[in-house]
Protein chains: 2
Amino acid sequence: MPEPTRHRRAVWHEARCQTCSLSSLCLPLALELEDMDQFDAIIRRRTPLKKGEHLFHQGDDFTSVYAVRSGSLKQVTTEGGGNDQLTNFYLPSELVGLDAIDEPHYPGSAIALETTTVCEIPFDRLDQLSEKLPELRGQLYRSMSKELRNDRRMMRLLSRKTADQRLASFLITLSDRFRRRGYSPYSFRLSMPRADIGNYLGLAVETVSRIVSRFQSQSLVAVSGREVQILDMARLQQLAEEESPAA
Amino acid sequence: MPEPTRHRRAVWHEARCQTCSLSSLCLPLALELEDMDQFDAIIRRRTPLKKGEHLFHQGDDFTSVYAVRSGSLKQVTTEGGGNDQLTNFYLPSELVGLDAIDEPHYPGSAIALETTTVCEIPFDRLDQLSEKLPELRGQLYRSMSKELRNDRRMMRLLSRKTADQRLASFLITLSDRFRRRGYSPYSFRLSMPRADIGNYLGLAVETVSRIVSRFQSQSLVAVSGREVQILDMARLQQLAEEESPAA
DNA sequence: CGATGGATTGACGGGAGTCAACTGTCGTGG
DNA sequence: CCACGACAGTTGACTCCCGTCAATCCATCG
């Protein structure tokens, strides 16, 4: 279909993997420059999503995985009734939609938490290309494997940790992800409301709020709205990992 | 190294994918006969594991993924202290070790719950072969994607469901997996002790035991030791999925 | 037959959910 | 410019589910 190509080019004139600041974290991480061109060719740029907009809805036909370029997303699975489960937050360079590969439809919705841009990667093209580029294939395997391990960590968090430990772990994990992206690990902004944090961690909003207050009174963090400063990372880590029973 | 080949051949004379009763569920599911031969060639058969033996230990070098042939395994991750987390049970045709692909070491131990045989699939060979066989590659992607979705279901279970709902879900999931493998979905044997069920579901052993008793008194199931009969599947399913708050 | 480990049952207490009221804070429009 | 509404976040009171501790039962096996 005829599209306003000029405009798109203007908006996305530098939206190429070679110039993308995320290339060292993202899917094409291991590719040579010439291979990266091939990869680049299958990617579709999308207009930015506004806060609250869906990247895809639960039940939509699965066609593509997405790499987050900027902003952030949450993935939510709704199962009969108003009982949602927030299964993941996605930050820049992370891949959304990997859990849909063996199904015709996305098993959950992906919703922007703020203004967010993504790279769309049609999966059939990706699969084909991964035949020619072993590094790309390996990176895709690794991405999925890493997400599996993340999920296992999450299961451990949900089944063994107290509310305090969950929130401490959450903050540390976020901090770590920011650090790896070149941002401060000690001072960052939460893009999600408390309710989403609670849903993700298996806690009531009120509990999240209470613990944030407690952490502040213990000088572990300083929080103002969604701005977070981590004041005592060491103690926070200790709290997140300490055993439940004896000391 | 010189091995007692004669003996191995004797034991495994029919351990080939073409004659394996699991071929319709297992990794080579989508392969043509000739391709299956190639796949078959990279597989290493292993002597059966006895109950309690490790297939691999947490921290071992990652080399292979494993397809369960018979029996069952649990995967356990130990994190400092005696605080284990049982992250999964594996039944015949399922793949163990997919969460290790992007790490040099296995992130958890795989332990046989009963006498168990597995097919070892060296991952570098599998990756190479997946370059030539798109169906194999697709199946590998699908296996990982499916495990991701399972993990998400598990996260939902751990963060939203009551103890009763967890056990009901567990029984139903098991029943379903048995059904798909051609066994009775209404009558089966648990290969794991109560403690493992509790660990997996994020419950204390005592809670598991209490709920099993309650389910019996409600005529939902009949349990004797590890033998389970599901008496009222419909009610069990309803219980597993019903909303927590209002009706 | 005793020993050992798994499973069951009971009593008790605490952590976190629920309900409810209150307090910000932002964006819109009068 | 400020009033208003809507929504996000906070705080308190109460309740209850489930974990912990402890005792007992039961099976299997040496």
Side-chain angles (χ1 to χ4, degrees), chain A residues 50-52 74 82-86 111 113-115 157-170 189-217 221-228 239 242-247, chain B residues 50-52 74 82-86 111 113-114 157-168 170 189-217 221-228 239 242-247:
Chain A
K50 288 197 283 285
K51 177 176 172 176
K74 61 177 172 181
N83 209 343
D84 290 356
Q85 172 66 30
L86 203 165
I111 304 172
L113 291 166
E114 56 197 315
T115 302
L157 179 146
L158 290 171
S159 78
R160 307 239 87 80
K161 294 192 178 183
T162 65
D164 290 44
Q165 294 179 310
R166 292 183 201 192
L167 197 68
S169 301
F170 176 71
R189 184 170 200 288
L190 303 171
S191 59
M192 71 292 287
R194 301 282 192 274
D196 285 351
I197 298 177
N199 188 320
Y200 180 59
L201 296 178
L203 300 172
V205 198
E206 296 92 327
T207 306
V208 174
S209 195
R210 264 186 269 270
I211 294 171
V212 168
S213 302
R214 182 138 29 88
F215 280 4
Q216 289 199 81
S217 71
V221 296
V223 178
S224 167
R226 299 196 181 169
E227 292 295 335
V228 176
L239 173 60
E242 73 193 3
E243 308 299 323
S244 318
Chain B
K50 287 196 284 285
K51 177 176 172 175
K74 61 176 171 180
N83 209 343
D84 290 356
Q85 172 66 31
L86 203 166
I111 303 172
L113 291 166
E114 56 197 314
L157 178 146
L158 291 171
S159 79
R160 307 240 88 81
K161 294 192 179 183
T162 65
D164 290 44
Q165 294 179 309
R166 292 183 201 191
L167 197 67
F170 176 71
R189 184 170 200 287
L190 303 172
S191 59
M192 71 293 287
R194 300 282 191 274
D196 285 351
I197 298 177
N199 189 321
Y200 180 59
L201 296 178
L203 300 171
V205 198
E206 296 91 327
T207 305
V208 174
S209 195
R210 264 186 270 269
I211 294 171
V212 168
S213 302
R214 182 136 31 87
F215 280 4
Q216 289 199 80
S217 72
V221 297
V223 178
S224 166
R226 299 195 181 170
E227 292 295 336
V228 176
L239 172 59
E242 75 194 1
E243 308 298 323
S244 317

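Chain letters run A, B, ... following the sequence lines, proteins first and then strands; every chain starts at 1. The shown structure was predicted, so the numbers you read here are calculated from the model rather than taken from an experiment.
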- prompt: At what distance, to the nearest 0.5 angstrom, does CG of B:Leu203 lie from CZ of B:Phe170?
  reply: 11.0 Å
- line: Shortest non-hydrogen pair, A:Arg226 vs A:Ser191, comes out as NH1-O, 3.6 Å
message: Do B:Ile197 and B:Leu167 have side chains that approach each other closer than 4.5 Å (heavy atoms only, starting at C-beta)?
response: yes
query: Looking only at heavy atoms, what is the nearest atom pair of A:Gln85 and B:Ser159, with distance?
result: OE1-OG, 2.7 Å
task: Please report how far the helix from C:dC1-D:dG30 to C:dG30-D:dC1 bends, comparing the axis fitted to its first five pairs with the axis fitted to its last five, to the nearest 10 degrees.
output: 30°
Rounded interatomic separation in angstrom, taking CG from B:Leu158 and P from D:dC17: 19 Å
query: Taking atom P of C:dA16 as reference, at what distance in whole Å does atom CG of A:Leu157 sit?
result: 12 Å
- request: Can you tell me the distance, in whole Å, between the CG atom of A:Leu201 and the C1' atom of C:dG15?
  value: 16 Å
Minimum heavy-atom distance A:Asp84-B:Arg160, with the two atoms named: O-CD, 3.5 Å
- prompt: NA contact type, B:Ala204, heavy-atom cut-off 4.0 Å: base, sugar-phosphate, or nothing?
  reply: base
statement: In whole angstroms, the gap separating P of C:dG14 from CG of A:Asp164 amounts to 16 Å
- prompt: Rounding to a whole Å, what distance do you find between A:Lys51:NZ and C:dG27:C1'?
  reply: 12 Å
- prompt: In whole angstrom, what separates B:Ile211's CD1 from D:dC17's P?
  reply: 11 Å
- request: Identify the heavy atoms of B:Gly202 and B:Arg166 that sit nearest to each other, and give their distance.
  value: O-NH1, 3.4 Å
- prompt: Rounded to the Å, how far apart are B:Lys161 NZ and D:dC17 C1'?
  reply: 18 Å
- prompt: A:Leu167 CG to D:dT10 C1': how many Å, rounded?
  reply: 15 Å
query: Hey, does A:Gly202 reach any base, or is it just sugar-phosphate, or nothing, if we go heavy atoms under 4.0 Å?
result: sugar-phosphate
message: Treating primed atoms plus P, OP1 and OP2 as sugar-phosphate and everything else as base, which nucleotides of nucleotides 2-10 of chain C get B, S or - for protein heavy atoms under 4.0 Å?
response: ----SSBBB
- prompt: Which is it for B:Asp196 and B:Leu113 under the side chain to side chain contact (heavy atoms under 4.5 Å, CB included) test, yes or no, and what are the steps along the way?
  reply: CA-CA 10 Å; B:Asp196 285 351; B:Leu113 291 166; 3.6 Å; yes
message: Within the 4.5 Å heavy-atom criterion, are A:Thr115 and A:Lys51 side-chain neighbours or not?
response: no
message: Rounded to the nearest 0.5 Å, what separates atom CG in B:Leu239 from atom NZ in B:Lys161?
response: 9.0 Å
